[in-house]
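For reference, the structure discussed in these notes is given below.
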There are 2 protein chains.
Amino acid sequence: MPRPSAIRNSIAELVSRSDRHGWTIEEVSAALEQRGVRADTSSVFRGLVRLADDGVIEALELGDGRVRYEARAEHHEHISCSSCGTVGAVPGCLVEQAIPSVEGATGFRVTGHRVHFTGLCVQCAPAAG
Amino acid sequence: MPRPSAIRNSIAELVSRSDRHGWTIEEVSAALEQRGVRADTSSVFRGLVRLADDGVIEALELGDGRVRYEARAEHHEHISCSSCGTVGAVPGCLVEQAIPSVEGATGFRVTGHRVHFTGLCVQCAPAAG
DNA sequence: TTCCGTGCAAAAGCTTTGCATATTG
DNA sequence: CAATATGCAAAGCTTTTGCACGGAA
């Protein structure tokens, strides 16, 4: 039996059991600390990479140059608030059926896709008008 | 009349008149050098930022942590080859009509979106099987 | 003893900025 | 002279990696 990893286990519980999407390494670190788990960034990083490799969580990129992680779940897209940064999930897939035409138009063989909406979340929309 | 900028002009001609998409700063620098224009990375960077501010070109992000630029044009999505990095354009918009339902499902007010396909380009697809 | 997890510190890869110089109007 | 462009070098940010230590099997 492999040696238990306190930090990695905490990360797994945190990220994988939360409905929050798109955790950054920093956010995970902060959340762990709030739970009384102090962990170095490198340990959090390694934990996340490992969990992603193991298929427990998955990595994503929302265009701000920071890697994000979230519970592995059914396919969905993402939407992030340009004001506060909150990341939400957009259920379902909006482009799946368009893949054949994309392949026809580009000549590429499509192996994956990512749809990312930006906007204002419920909290920020009123304030911004 | 503002002082002319040799480098910025070269960048504008290069990026804005090419049908190539998603130029990285490094790629722009290399292309300039091939044309006999030697320019420091910072100058290329500033030129690109300025041109983007002026609306001549636009910036985009394809999830690899590098900022990319391309001619400002009609709305289109992108597809990049996971083997050689080539970036192509996917004409039209695949999610525009889905925005109302996205807003309904998420509560966000949608202000923008980005669709990014990944796959294998014509050159790389055969080699990869 | 042999792994494996962790912290600390440092390297890396890009982007961005500061500063001094040069060039144009 | 005043304003802008440019090069060079260095700062910043986040992600990664190297090393050494310590605990578990």
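Computation of the quantities below employed the complete heavy-atom set of this structure, encompassing side-chain atoms and omitting hydrogens, waters and symmetry-equivalent molecules. Given the structure is predicted, the values throughout are model-derived calculations rather than measurements. Chain A is the first sequence line, chain B the second, and so forth, proteins listed ahead of strands; every chain is numbered from 1.
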Can you find a side-chain donor-acceptor pair between A:Glu70 and A:His76 that sits under 3.5 Å? yes
Just how far, in rounded Å, is P of C:dG5 from CD1 of A:Ile11? 12 Å
Under 6.0 Å from the CD atom of A:Glu58, do we count more than 12 heavy atoms belonging to anything else shown? yes
Rounded to whole Å, how long is the line connecting atom CZ of B:Arg66 with atom C1' of D:dT15? 14 Å
Euclidean distance, atom CG of residue B:Asp64 to atom P of C:dA12 [Å, nearest integer]: 20 Å
Report the distance from atom CG of A:Leu32 to atom C1' of C:dT6, rounded to the nearest whole Å. 13 Å
Checking all strands, does A:Val67 fall into the base, sugar-phosphate, or nothing category for heavy-atom contacts under 4.0 angstrom? sugar-phosphate
pair A:Ser83-A:Gln123: side-chain heavy atoms closer than 4.5 Å: no
Validation row: B:Leu51, B:Tyr69 side chains within 4.5 angstrom (heavy atoms): no
Walk along nucleotides 6-13 of chain D from 5' to 3' and tag each nucleotide B, S or - by protein heavy-atom contact under 4.0 Å, base first, then sugar-phosphate. BBB-----
Is the shortest side-chain heavy-atom distance between B:Glu61 and B:His78 below 4.5 Å? no
Quickly work out the A:Leu51 CG to C:dC4 C1' distance and round it to whole Å. 15 Å
Test item: A:Trp23 and A:Ile57 side chains (from C-beta on) under 4.5 Å apart, heavy atoms: no
Using whole Å, report how far CG of B:Leu48 lies from C1' of C:dT17. 16 Å
For the pair made of CG in A:Asn9 and C1' in C:dT6, what is the distance, rounded to whole Å? 14 Å
Gap between atoms CZ and C1', on B:Phe45 and C:dT16 respectively (whole Å): 5 Å
